[in-house]
Amino acid sequence: MQYKLIDILICPECKNFPLQLSVNSKSGQIDNELDGKARAHFFKRFECEIFCAFRNKSIKDLMQNKSKKLSCNGCLKINIISGHLFCSKCRTKYLIINGIPRMIPKKFADL
Amino acid sequence: MPAGLGKNSKKVYSAYHRIIKSYEKTNMLITFFQVNRWRKFIINSIAEEIRKLHIKRPLVLDAGAGPGFMGDLFNRQIKSNIILLDYSIEMLENSIIDCNKVQGLFEALPFRDKCFDVVLSGFAFHASIDMNKSASEFARVNKYYTGLVSIGKSRNKIKQKLGAFYIYNLIPIIARLSAGSNYKEFKKISEIYKNIPNNNELLTILKKYYNIEIFKQKAFDTIYQIIAKSKNNKK
């Protein structure tokens, strides 16, 4: 899964957003260099709407700090293989296994 | 009792796990090769509307995606960000498109409000545990259009009996050709037909959350195609 998925995922139990991401393993290269294309991309708009999980910051905060080197293109090349998502409100943990977050509420876990 | 599979979901979901390899082949046979035509009607109609809205790379949820046939067809029409959602990990791991995947349930979609431009569901909505809750969740996450193609039940008693005869007696025979010894799993999936509301009752459920744009029935009304516009969207 890509980091940008966190921008739309909520806790299926209590609908809390954003979920806290913890990554165990990932694949792909982090592109720190900001090339012309990426810069144009950045100033146009972010890939995410509300929350950037890659930088663990809200888009609002990132917009206020445009001077920082940012590249959504770099983030999109990374795939999270394993880890977990944690809901700070209801304290539920959702595992990410083989790149797929398992977002099943507890009461349906035995289906 | 809510419309949907309810407690029978366990039996049906475990059957889905066992038929992954023969799933599409059997679907083709039991629908007399119409399955893709029915899917494409939904895809093409929604793609046309999305083009009119000038949305660049729409965010699309393929709910109950299986291997992602609906998402794949839509992506061929309009380059999109597709998210596949299914309860079956095996189905997601065998998906035909490279995109983000999430294991989840219709009744508790793990997505924030109005984040998807399009919600698609091909031959999956009938497997809802609670259709009312699923419909409300689909509408909650959807900004513009939802497209459903699924197993339905006619309001007409004669058509209902014809549909039941085909589903309970003929489908297991046809499934033997494509699924071999797993044909028995298709019998379990037939449970769905017992539990689903008739198409008119389904429309009543959907109308609570959607404005229905297109509603079509096929094959003695055992298949329905619905395009619905989420209520409260501005465009």
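Protein chains get the first letters and strands the later ones, always in sequence-line order, with residue 1 at the start of each.
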Atom pair CE/SG of A:M1 and B:C99 - distance to nearest 0.5 Å: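 These two atoms lie 13.0 Å from each other.
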
Distance (rounded to the nearest 0.5 Å) between A:L9 CG and B:F111 CZ: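 Result: 6.0 Å between the selected atoms.
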
B:R112 and A:E49 ion-paired at < 4.0 Å: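 Yes, B:R112 and A:E49 are salt-bridged.
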
Under 4.5 Å from any heavy atom of chain A - which part of B:I83: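 Only the side chain of B:I83 comes within 4.5 Å of chain A.
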
Residues, nucleotides or ligands: over 12 heavy atoms within 6.0 Å of A:K15 NZ: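 Counting neighbours around NZ of A:K15, more than 12 heavy atoms of other residues, nucleotides or ligands fall under 6.0 Å, so yes.
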
Heavy atoms of other groups near B:K208 NZ, more than 12 under 6.0 Å: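 Enclosed.
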
Verdict with reasoning, B:D113 to A:I10, per side-chain contact (heavy atoms from CB on, under 4.5 Å): CA-CA 9 Å; B:D113 296 359; A:I10 62 166; 5.6 Å; no

Criterion side-chain contact (heavy atoms from CB on, under 4.5 Å) on A:E47 and B:R57, from CA distance to verdict: CA-CA 11 Å; A:E47 274 291 324; B:R57 278 190 85 89; over 6 Å; no

Short side-chain donor-acceptor distance under 3.5 Å, A:K4 and B:N100: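 No, because no side-chain N or O of B:N100 sits under 3.5 Å from a partner of the opposite role on A:K4.
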
Contact winner vs chain B - A:D7, A:N79, A:I96, A:L19, heavy-atom pairs under 4.5 Å: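 Heavy-atom pairs under 4.5 Å are most numerous for A:D7.
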
Closest-packed option against chain B by number of heavy-atom pairs under 4.5 Å, given A:I50, A:N98, A:I97: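 Option with the greatest count: A:I50.
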
Would you mind writing out the side-chain donor-acceptor pairs for residues 103-110 of chain B within the sub-3.5 Å range, not counting sequence neighbours?
from: B:Q103; atom 1: NE2; to: B:Y87; atom 2: O; distance (Å): 2.9
from: B:E107; atom 1: OE2; to: B:I129; atom 2: N; distance (Å): 2.6
from: B:E107; atom 1: OE2; to: B:D130; atom 2: N; distance (Å): 3.0
from: B:E107; atom 1: OE2; to: B:S134; atom 2: OG; distance (Å): 3.1

Heavy-atom proximity to chain B below 4.5 Å, by part of A:P101: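 Both backbone and side chain.
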
Student check: side-chain heavy atoms of A:R102 and B:I89 closer than 4.5 Å: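 A:R102 reaches B:I89 side chain to side chain.
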
Passing candidate, side chain to side chain contact (heavy atoms under 4.5 Å, CB included) with A:I100, options B:V102, B:D86, B:L84, B:L92: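 For A:I100, the side chain to side chain contact (heavy atoms under 4.5 Å, CB included) test succeeds with only one of B:V102, B:D86, B:L84, B:L92, which is B:L92.
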
By side chain to side chain donor-acceptor pair (under 3.5 Å) - contacts of A:S22 (at least two apart):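 Partners of A:S22 by the side chain to side chain donor-acceptor pair (under 3.5 Å) criterion come out as none, since no residue qualifies.
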
